[in-house]
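Please read these numbers as outputs of a predicted model, since none were measured by experiment. Side-chain atoms are counted along with the backbone in the values below, which use heavy atoms only and exclude waters and symmetry mates. Numbers here simply count residues along the sequence, with the first being 1.
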Amino acid sequence: MDYRKLTDEEIITLEDRNCWAEDWNNINVSEDFRPNYMHRVLLYGEVNLGTFDKNIEVSKDFFKHSGINNATLRNVTVGDNCLIENIGNFINNYTIGDDCYISNVSTMETTEGATYGQGNLISVLNEVGDGNLVLFRNLNSQFAAFMVKHFHDKDLKDAIRRLIREDIEMTTPDRGTIGDRVKIVNTKEITNTVVDDDCEINGASRLSDTTLISASSASVYIGTGVICENSIVGDGSSITNSVKIQDCFVGEACQLTSGFTASASVFFANSYMSNGEACAAFCGPFTASHHKSSLLIGAQFSFYNAGSATNFSNHAYKMGPMHWGVLERGTKTASGAYLLMPANIGTFSVCFGKLMHHPDTRNLPFSYLVSYNDIMCLSPGRNITTVGLYRDIQKWPKRDVRPKNSQKSIVNLDWLSPFSVGEIVKGKKILEDLRNASGEDVSSYNFHEYVIKASSLQKGIKYYDIALRIYMGAVLKRVLKRDPELHAPTTNVGVGDWNDLSGLLLPDSEEQRLIAEIKDGTLDTIDKIINRFQDIDAHYREYQWAWTYRLILDYYGLIEITLDDVARIREDYVTARRAWIAEIRKDAEKEYRMGDVEKDVLDNFVNSLDHEGDYEN
């Protein structure tokens, strides 16, 4: 904006309205500046003022004229058509955009050494460990998981941190900024904070060294009593009702409310936190905690709902080594059962004492683990055929409230994928090997420290086989739609192991290539690394076909898949899918007989199952 000096007449008008300047020569105004909308304003240092020619809506259907009243400003730039009033202390070293409403605020200030929450090094998964995660504006769940996973690769860590420092240097403003159309009211202190366009801060206690990131359709809301320090809050998120966070990153469309407290933790993509506490927690997409007695500490979660009295305290492992496993929605049920599943659409890693002491436990996915006194009984694959899993498959896509233009974290919602199905293949083989080793005329099988009843083992093999046939048929059906002649994959990328980077499902080979290209400088900016994550996700179906093609060959003993083989695979798919739905129906009817649901709820659910046949073709 082009500025001019005040005229003598304008200075007289301002002084008549009890305005004062340390030096009127340091006050610059826009060409259309009108002094009659300033009252009782003290101006120190260099101050730049825009025009005041519009009304501002301060509450629904209540408009006041833009201007500045009852305020002290020092080294401040104010955009056009802002209303700034009743500043109890001062606004110092800030740039304010257009159409802002700032009222009843004590202090807004930028001080020397401001970081705005960027470059903050925290330790997740281990609250007393070395810092393994750097917070910055463009962080998403993939980048965060990647940094934490490869923390011990010194060359990679050094390269990533250098790129982050460079990115921060290019994006960090010289002083605190308030974007356009921002509303800040009834707030005590805002220090060293960047607020993007359209955000609202209403009744907060303190924001210090914080960045609020917004998109045009996904603004941030900070509510009553909130204290936010050394943190970054992303697009579309809200933090309300006396939440206290320190050294945290809050990703897109997250909600933190009702006195929740967190330190050195990250939250991504639609996570919901209320009442409880988090420390050194990695909360991936769709992590939820609702209860006052819940403590999420030193663990990684995704698609997870923490039950009441959930406590992952470090006292469980004391001075001994932690044994980490990977679970999907590892909720403890009322019966004391744990649900073991692979992170097919996210990860949940936690130390469960004896539960997770053997890494091979992960290779029996979608399982129940129930404790009977000192005996741990494992029911492999049981959760594949439950109402809960079926409802989860349906609900997660509907719960993503992020606008398309602000979906920074990648979330793959496939419940059956090369990652989860790879674990199913391993689990099925483990069960078959146990059966072959001990025979079929036994009442139970021992798997490390766990007991598997003979009936549970047989059902586990059956459930895993159902899932395999559903997966292979579904992928084949999708490929045939785009390639009716069913050509073999044109790439080997995807063959082999797959990984989950907090919502991004990718071949291990692509993750290793990413590591190599960061180290050798091929990926020499943060944007290039993030674009690589997005490119891998864009090729997911191509990589999935390469992996699945090999799976089908191995499963059916084929050399190649011909159109003649398609009919058999499709028949197995339809049969397996109907068996799956039948088992889910049985689970729903069992729940009804136990008196847990009303008849109309059961009828509505069964009706939805009846429509599953519509998806067979």
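Counting only N and O atoms by type, the side chains of Ser214 and Asp235 include no donor and acceptor under 3.5 Å apart. Side-chain contact check for Thr257 and Gln255: no donor-acceptor pair (N or O, by modelled atom type) lies under 3.5 Å. Checked by atom type, the side-chain pair Asn192/Thr111 shows a donor-acceptor distance below 3.5 Å. Under 3.5 Å, the side chains of Asn126 and Ser123 contain no donor-acceptor pair of N or O atoms. With 3.5 Å as the limit, one finds no donor-acceptor pair spanning the side chains of Thr210 and Tyr116.
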### Message
Determine whether Asn202 and Thr187 satisfy the following criterion, side chain to side chain contact (heavy atoms under 4.5 Å, CB included), listing intermediate values before the conclusion.
### Response
CA-CA 6 Å; Asn202 192 333; Thr187 294; 5.9 Å; no

Q.
Using the rule given for side chain to side chain contact (heavy atoms under 4.5 Å, CB included), can you reason through Asn412 versus Leu504, listing the C-alpha separation, both sets of side-chain angles and the distance that settles it, and then say yes or no?
A. CA-CA 6 Å; Asn412 188 321; Leu504 171 64; over 6 Å; no

Inset, instruction - Please step through salt bridge (charged side-chain N to carboxylate O under 4.0 Å, His left out) for the pair Glu252 and Arg402, ending with a clear verdict. - result: CA-CA 7 Å; Glu252 322 96 87; Arg402 300 174 299 163; 2.9 Å; yes

Next item on the list: Test side chain to side chain contact (heavy atoms under 4.5 Å, CB included) on Ile160 and Phe146 and set out the steps.
Entry: CA-CA 10 Å; Ile160 289 175; Phe146 186 75; 3.8 Å; yes

Exercise for review: For Lys519 and Asp153, run salt bridge (charged side-chain N to carboxylate O under 4.0 Å, His left out): C-alpha distance rounded to whole Å, both residues' side-chain angles, the deciding distance at 0.1 Å, then the answer.
Suggested key: CA-CA 10 Å; Lys519 288 182 178 180; Asp153 186 331; 2.8 Å; yes

TODO: Evaluate the ring-ring contact (aromatic ring centres under 6.0 Å, His included) criterion for residues Phe136 and Phe143: first the C-alpha distance (whole Å), next the side-chain angles of each, then the deciding distance (0.1 Å), finally the verdict.
DONE: CA-CA 11 Å; Phe136 64 103; Phe143 211 142; 5.7 Å; yes

Requested in this report: Please assess Leu501 against Leu506 for the test side chain to side chain contact (heavy atoms under 4.5 Å, CB included), listing each intermediate value before the final yes or no.
Outcome: CA-CA 8 Å; Leu501 287 176; Leu506 74 167; 3.9 Å; yes

Exercise. Please step through salt bridge (charged side-chain N to carboxylate O under 4.0 Å, His left out) for the pair Lys426 and Glu423, ending with a clear verdict.
Key: CA-CA 5 Å; Lys426 296 173 187 176; Glu423 297 300 318; 3.6 Å; yes

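Relative ring orientation between Tyr543 and His539 is described as parallel, the plane-to-plane angle staying below 30° on a 0-90° scale split at 30° and 60°. Ring pair Phe282/Phe268 is tilted by interplanar angle, where 30° to 60° counts as tilted.
The pair Asp196-Arg137 meets the salt-bridge criterion, with a side-chain N (NZ, NE, NH1 or NH2) lying under 4.0 Å from an Asp/Glu carboxylate O. A salt bridge does not link Arg165 to Glu169: none of the charged nitrogens lies less than 4.0 Å from a carboxylate oxygen. Ion pairing of Arg162 with Asp167 is absent here, as no side-chain N (NZ or NE/NH1/NH2) approaches a carboxylate O to less than 4.0 Å. The pair Asp414-Arg541 counts as a salt bridge, with a side-chain nitrogen and a carboxylate oxygen less than 4.0 angstrom apart. We find that Glu277 and Lys292 are not joined by a salt bridge, their nearest charged nitrogen and carboxylate oxygen being 4.0 Å or further apart.
Taking 4.5 Å as the limit, some side-chain heavy atom of Ile410 sits within range of a side-chain heavy atom of Phe533. Using a 4.5 Å cut-off on side-chain heavy atoms (C-beta onward), Val124 and Asn132 make contact. In this structure, Leu256 and Ile245 have side chains that are in contact, with non-hydrogen atoms separated by less than 4.5 Å. Side-chain atoms of Leu296 and Cys283, non-hydrogen and from C-beta on, do get closer than 4.5 Å to each other. Two residues are said to be in side-chain contact when any heavy atoms from C-beta on lie closer than 4.5 Å; Thr191 and Glu229 fail this criterion. Here the side chains of Arg399 and Asn270 are not in contact, with every heavy-atom distance at 4.5 Å or above. In this structure, the side chains of Tyr471 and Ile424 stay at 4.5 Å or more apart for every pair of heavy atoms. You'll find the side chain of Val266 reaches within 4.5 Å of the side chain of Leu135, heavy atoms only.
In this structure, Ile168 CD1 and Leu163 CG are separated by 11.0 Å, a value rounded to the nearest 0.5 Å. To the nearest 0.5 Å, atom CD1 of residue Ile430 and atom CD1 of residue Ile452 are 8.5 Å apart. Taking CG from Leu505 and OG from Ser420, the interatomic distance works out to 7.5 Å, rounded to the nearest 0.5 Å. Note: Gln118 CD to Phe249 CZ = 9.5 Å, rounded to the nearest 0.5 Å. Taken to the nearest 0.5 Å, the OG atom of Ser237 stands 12.0 Å off from the CD1 atom of Ile232. Once rounded to the nearest 0.5 Å, the distance linking CZ of Phe267 with OH of Tyr272 reads 13.5 Å.
Here the side chain of Ser367 pairs a donor or acceptor atom with the backbone of Gly381 at under 3.5 angstrom. At distances below 3.5 Å, at least one donor-acceptor pair connects side-chain atoms of Asn531 with backbone N or O atoms of Asp527. Remark: side-chain polar atoms of Ser409 are paired, donor with acceptor, to backbone N or O of Ser141 under 3.5 angstrom. Side chain of Thr491 to main chain of Glu542: no donor-acceptor pair is present (N/O by atom type, distance under 3.5 Å, no hydrogens or angles). A side-chain donor-acceptor contact under 3.5 Å links Tyr464 to the backbone of Pro365. In this structure, the side chain of Trp547 engages the main chain of Gly496 through a donor-acceptor pair within 3.5 Å. At distances below 3.5 Å, not a single donor-acceptor pair connects side-chain atoms of Ser231 with backbone N or O atoms of Cys228. Side chain of Thr548 to main chain of Gln544: a donor-acceptor pair is present (N/O by atom type, distance under 3.5 Å, no hydrogens or angles). A donor-acceptor pair is defined here as one N or O able to donate and one able to accept, closer than 3.5 Å; no such pair exists between the side chain of Ser294 and the backbone of Ser289. With hydrogens and angles disregarded, no donor-acceptor distance shorter than 3.5 Å links the side chain of Thr240 to the backbone of Gly223.
Paired with Thr115 under the rule side-chain hydrogen bond (donor to acceptor under 3.5 Å, both in side chains), one option of Asn230, Asp209, Thr211 passes, and it is Asp209.
Sparse packing is recorded around NZ of Lys404, with 12 or fewer heavy atoms of other residues, nucleotides or ligands lying under 6.0 Å away. Within 6.0 Å of NZ on Lys459 lie no more than 12 heavy atoms contributed by other residues, nucleotides or ligands. The environment of CZ in Arg550 is sparse: at most 12 heavy-atom neighbours from other residues, nucleotides or ligands sit within 6.0 Å. Counting non-hydrogen atoms of other residues, nucleotides and ligands closer than 6.0 Å to NZ of Lys149 gives a total above 12. Other residues, nucleotides and ligands contribute at most 12 non-hydrogen atoms within 6.0 Å of the NZ atom of Lys188.
The cationic atom of Lys244 (NZ for Lys, CZ for Arg) does not lie both less than 6.0 Å from the six-membered ring centre of Phe260 and within 45° of the ring axis.
Legend: residues meeting salt bridge (Lys or Arg N to Asp or Glu O under 4.0 Å) with Arg513, ordered by chain and number and at least two apart, are Glu510, Glu517.
Heavy atoms only, all atoms of each residue included: Asn405 and Ala215 are closest at ND2-CB, 4.3 Å.
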